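Worksheet: the structure to be examined is printed underneath.
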Protein chains: 2
Amino acid sequence: MAVAQVRDVAKKAGVSPATVSNALNHPEKVSAATLARVQAAIDDLGYIRNDAARQLRAGSNPAVGMIVLDAANPYFTDVAQGAEQHLAELRRPLLLGNSAQREDREATYLDLFEQQRVAGILIAPVGNVLPRLRRVRDRGTAVVIIDRNAGADEFSSVSVDDKQGGRLAADHLLSQGARRIAVIGGPGGLRQVQHRLRGAQQRIQQSPEASVEFLETDAMDTESGRRSTESLLARPLHERPDALFATNDLVALGCLQALAHHRVRVPEDIMLLGYDDIAFAASATIPITSVRQPSARMGLQAAELLRLATEDPQAAVQHTVFQPELIVRESTSRE
Amino acid sequence: MAVAQVRDVAKKAGVSPATVSNALNHPEKVSAATLARVQAAIDDLGYIRNDAARQLRAGSNPAVGMIVLDAANPYFTDVAQGAEQHLAELRRPLLLGNSAQREDREATYLDLFEQQRVAGILIAPVGNVLPRLRRVRDRGTAVVIIDRNAGADEFSSVSVDDKQGGRLAADHLLSQGARRIAVIGGPGGLRQVQHRLRGAQQRIQQSPEASVEFLETDAMDTESGRRSTESLLARPLHERPDALFATNDLVALGCLQALAHHRVRVPEDIMLLGYDDIAFAASATIPITSVRQPSARMGLQAAELLRLATEDPQAAVQHTVFQPELIVRESTSRE
DNA sequence: CTGAAAGCGCTTACAG
DNA sequence: CTGAAAGCGCTTACAG
């Protein structure tokens, strides 16, 4: 069975294709009687508009593309959900791409979104995509950067003060008596990791009796946390840290698993602190202290900044910086 | 700055638009020298193909659409990841839609995918979408159903034997001494819920001393599990169940939170068993016994069945049914 | 309010 | 191996 087209609908309704199009896109231009006949013909034939043709002629695609660092991380599903909710109100579909922290995948999704001429792109960048994003914007696509203030002067962005998050984490661990802190996460090139680490370092350096080291990982998943922790536990006892600061909660959960496996007590022997405050941090074997980011609100605000940028390409660039919040739980509470 | 088009590339390379198109789509038809000039022109101008035009003319969209019941559930992110991996090898982008168990959202994504004339659709259905899926297929779009054997005769499908899963769960709880079992999940119209419940009921009815009740929820998230459990704990002690079978792990985590909040001991006072075996089940406050589904493999197989269906629309319908596996943990181990 | 004509940017036969 | 012409299915001015 051939797929119905505008001309089939037009013939059935006894009008021209132009009128069918108007009934669909500008119903106020069409008389009520005609509208009803067109609608009936559409229902009869099961007509479904061909988006490629519409888009080609109309010259624009309402959809918005989004690229996240890890689609399996509840933090990013929350951000995406916030963005999707706001975009749905604007009648804009969200196309979600997962870079999995890999530059090649990031580039593939950027290709795809550009080829589709999406109206806008929301991106949590992995690689140095700024030059590319500039070209994207110059071709007329709005861009908003999530979770990064690099490129801050050129693109609107939504982020969290990650240095402050690192400071909060370190400050809390020190106040609980930690003296040897290991920061676990990576890759080190990722802006978020750098800032969380630097914030922690800055705070720890103010305490002469405390020290900090950085264990870099390839990824930010549970497996990475487990492996890093295993390597720490392979050391002689007196060279082990007394606190772990994982740069996200998935890594923290991995750390917790390795610690439990080796019967290291948390927090008595080693304290553990995560980042993002995903729902599972609170439900963990030992509930995990974590630095909360307002994930859904960040997604919503990113979508809003994108709306502003698409509606007025000349509009001033805007940066929304949220403040992180420390949520204290058992994994760092020694008394 | 205007966006570069084929004709601009052609002019710059000193060839015709047709040759540019051939260089892009059928490089074997073009001489090496011409290919190099075209490529140089493309790079120079930063040309990006307009997918809408390509698709309109070529008459097909390589992309595949997927609709899941809950994009925030790690089970579905795992399934999606499996599918995406296989589709990537076939050079097919995956467009992911989240129905959030809502029929209106499911319909919206089906609209979107149909308008985009995707090559295929992978769907875990919420509502009664079979009539619609029939029309979709009749228009030439391949369809594979995930996680449902309803409609089994018409569409290829990938599923797990959920009745068996329910039986495994009930059998284990009974063997651990449970006598009053509450099944928590919903909505009751969802095929997975029905089968898991029915499997459990069948097994429990074989034990005259045991009873089962069903607490239906609106959704399958943590909040639903928490609320249902609260209502159970509001009962007099002797009317409480001694075991909870949550129809997925998110619900189970919610149950666990409510139980902990009321200082009910797990498994001593009430046992808890979940479904899906998401990674977080093992890391929970009390590690949760769960029925495992091979999520990534299911996604991969769904993509493979879709490939078969797109390559030969006349190909026979195929059903892959995986067997569930019980993973026993602390939440049900009374000794 | 309605319709005839043109054209969005590409690719596909086809002729050379 | 290369190019001129046609056309994919829509929507947009424009004329009536």
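First the proteins, then the strands, lettered A, B, ... as listed; each starts at 1. Small disclaimer: the values here were computed from a predicted structure and weren't measured. Only this structure's heavy atoms are used, side chains among them; waters, hydrogens and symmetry mates stay out.
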Base, sugar-phosphate, or nothing for A/N25, non-hydrogen atoms under 4.0 angstrom? sugar-phosphate
Are more than 12 heavy atoms from other residues, nucleotides or ligands located less than 6.0 Å from atom CZ of A/R7? no
How about B/Q318 and B/S156: does a side-chain donor come under 3.5 Å of a side-chain acceptor? no
N/O (side chain, A/T34) to phosphate O (OP1/OP2, C/dT2) under 4.0 Å: yes
Closest nucleotide of DNA chain D for A/L56 versus for B/G14: which of these residues is on the 5' side? B/G14
Please determine, for C/dA4, whether a Watson-Crick or G-U wobble partner exists with both distances under 3.5 Å, and give it or none. none
Spacing between B/D51 atom CG and C/dC10 atom C1', to the nearest angstrom: 11 Å
Distance check: side-chain N/O of B/Y47 vs OP1/OP2 of C/dG9, anything under 4.0 Å? no
Assert: residue with more 5' nearest nucleotide on DNA chain D, out of B/A18 and B/A58, is B/A18
Lys/Arg cation over aromatic B/F155: B/R137, 6.0 Å, 45° cone: yes
Measuring to OP1 and OP2 of C/dC1, would you say a side-chain N or O of A/H26 lies under 4.0 angstrom away? no
Kindly point out which of C/dT12, D/dG9, C/dT2 is positioned nearest to the side chain of A/T19? C/dT2
